[in-house]
Amino acid sequence: MKKFLEIVGVIVLLGGISGVVRELTGWFPFLGYTRFLTENVWFLDGRELMANVAIAVVGFAIVMIADARRRT
């Protein structure tokens, strides 16, 4: 379970970071998870950068939870 949490956390963290890079630079339009979300979720329209930051923070939290579970 710990390894699974680490893998999921890293995937979510990388998706959030790549989305932030995409929003700030305009490079690589296929990166990040919010491209799909902003087309289908009305309250994310215009808030893609903050959504990507939130996704990255959630991914970081998942990795930290997995690390805390490993030590116990």
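Only a predicted model underlies this, so the values are computations on that prediction, with no experimental measurement involved.
The side chain to side chain contact (heavy atoms under 4.5 Å, CB included) test applied to Val63 returns Val10, not counting sequence neighbours.
The distance from the CD atom of Glu48 to the CD1 atom of Ile55 is 11.0 Å, given to the nearest 0.5 Å.
Hydrophobic clustering (ILVMFWY, side-chain heavy atoms < 4.5 Å, transitive): Ile65 and Leu14 are in distinct clusters. At a threshold of 4.5 Å between side-chain heavy atoms, the hydrophobic network of Ile, Leu, Val, Met, Phe, Trp and Tyr places Val58 and Leu5 in one connected group. Linking Ile, Leu, Val, Met, Phe, Trp and Tyr residues whenever their side-chain heavy atoms come within less than 4.5 Å leaves Ile17 and Val57 in two separate clusters.
Heavy atoms from other residues, nucleotides or ligands lying under 6.0 Å from CE of Met50 number 12 at most.
Looking at every heavy atom in both residues, Ala66 comes nearest to Lys2 through CB-O, 3.8 Å.
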